[in-house]
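Have a look at the structure below, then the notes.
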Number of protein chains: 2
Amino acid sequence: MEFRIDRGSGVPPYMQVVRQVREALRLDWLKPGDRLPTVRDMVKSCGVNANTVLKAYRELELSGLVEARQGSGTFIRAALGSAPPEAMEQLRKRLHEWVGEARASGLDNEDIDALVRTVLNDKGEQR
Amino acid sequence: MEFRIDRGSGVPPYMQVVRQVREALRLDWLKPGDRLPTVRDMVKSCGVNANTVLKAYRELELSGLVEARQGSGTFIRAALGSAPPEAMEQLRKRLHEWVGEARASGLDNEDIDALVRTVLNDKGEQR
DNA sequence: TCTATTGTCCTAGGTAACTAGAACACTTTT
DNA sequence: AAAAGTGTTCTAGTTACCTAGGACAATAGA
């Protein structure tokens, strides 16, 4: 599990860590029992302060997703996988194709992001 | 043009305004000559400070997207549309279908967001 | 037992961003 | 000419978050 902290995005680093862990959980990249990087590892690899990492891990712990064991590490506690792997793969494949078409039409990542957001909002408000 | 400021997302309000304007430009919701909401309108509708709006508008002006005319308003100057409207509609339609399937598989907005991000990153790194 | 590793806590300081309130300059409308 | 609306500037204060550095507590392994 590697973390990428994007300074300048405006999103607080500790929040980026939280999101990336949740994201990995949703995609089944992390499973119960897995150990997250050490606080000190994170400090070295991401250049953030120990307190920042701690804040992120604590927030994850409060929401019940991880469990911190002093002296041993921080471990995944719950799963977030929301669909069976086969369905996930199918969806991923089709999305991949769609992105290919979008790129062929001249859209860049930001264009695609904007489009996705509006479609999600449309659908979201129809509930 | 309506703006929604999400406090608690960690993203500075002024940046959210900038992004939403750029997003509207990308989707052809805003075109050259259109006038953005008044600074004072934004203050009322979004509950942010005039300085915050000003900062957002100034950033947009520095990038050449809008033009501020003292006494009259802030106007769109350039277009950002990256694909012809027909292609855009086609892409939107197909994406809409895909989102429908994803929802049917049990994914929520955050799941979908995570999936989109990874696919974009995959493709992005293959360049 | 001893040592290294790990999570945790504390204090102090700094920066970016937002808020509040007032005033000024220019344009448009009446 | 006058009034209303608009962008702009300024100062002061507040808050959230990050940084730095050190120290403590519990666990795992030699």
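Below, read A as the first sequence line, B as the second, and so on, with proteins coming before strands; counting in each chain starts at 1.
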Whichever of B/Pro12 and A/Ala50 has its nearest DNA chain C nucleotide further upstream toward 5':
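Result of the comparison: A/Ala50.
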Sugar-phosphate only, base, or nothing, as touched by B/Arg40 at under 4.0 Å among non-hydrogen atoms:
base
Answer with base, sugar-phosphate or nothing: what part of the nucleic acid does B/Tyr57 contact at a heavy-atom distance below 4.0 Å?
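Touches nothing.
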Does OP1 or OP2 of [N] have a side-chain N or O of [X] closer than 4.0 Å?
X: A/Ser72; N: C/dT5; result: no
X: A/Tyr14; N: D/dC18; result: no
X: B/Thr74; N: D/dG7; result: yes

Can you name the nearest heavy-atom pair linking [X] to [Y], along with the distance?
X: B/Ala87; Y: A/Ser105; result: CB-OG, 4.4 Å
X: A/Phe75; Y: A/Gly33; result: CD2-O, 3.6 Å
X: A/Glu23; Y: B/Ala114; result: CG-CB, 3.3 Å
X: B/Pro13; Y: B/Val48; result: CB-CG1, 4.2 Å
X: A/Ala68; Y: A/Glu61; result: N-OE2, 3.2 Å

Expressed in angstrom and rounded to an integer, what is the separation of [X] atom [atom1] from [N] atom [atom2]?
X: A/Arg7; N: D/dA16; atom1: CZ; atom2: P; value: 20 Å
X: B/Lys55; N: D/dC10; atom1: NZ; atom2: P; value: 15 Å
X: B/Met42; N: D/dT8; atom1: CE; atom2: C1'; value: 16 Å
X: A/Leu60; N: C/dT8; atom1: CG; atom2: P; value: 12 Å
X: B/Asp41; N: D/dA4; atom1: CG; atom2: C1'; value: 14 Å
X: A/Gln70; N: D/dA23; atom1: CD; atom2: C1'; value: 13 Å
X: B/Arg58; N: D/dT6; atom1: CZ; atom2: C1'; value: 15 Å
X: A/Ile5; N: D/dC18; atom1: CD1; atom2: C1'; value: 12 Å

Determine whether any donor atom in the side chain of [X] lies under 3.5 Å from an acceptor atom in the base of [N], or the reverse, and answer yes or no.
X: A/Arg69; N: C/dG7; result: no
X: A/Asn51; N: D/dC17; result: no
X: A/Asn49; N: D/dC17; result: no

Out of [options], which has the shortest distance to the side chain of [X]?
X: A/Ala68; options: D/dT6, C/dG7, D/dT8; result: C/dG7
X: A/Thr38; options: C/dA17, C/dT6, D/dG7; result: C/dT6
X: A/Val39; options: C/dT19, C/dT8, D/dC17; result: C/dT8

Hey, which of these two, A/Gly71 or A/Gly47, hits DNA chain D nearer its 5' end, going by closest nucleotide?
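Residue closer to the 5' terminus by nearest nucleotide: A/Gly47.
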Using a 4.5 Å cut-off on heavy atoms from C-beta on, say whether the side chain of A/Trp98 contacts that of A/Ile112.
yes
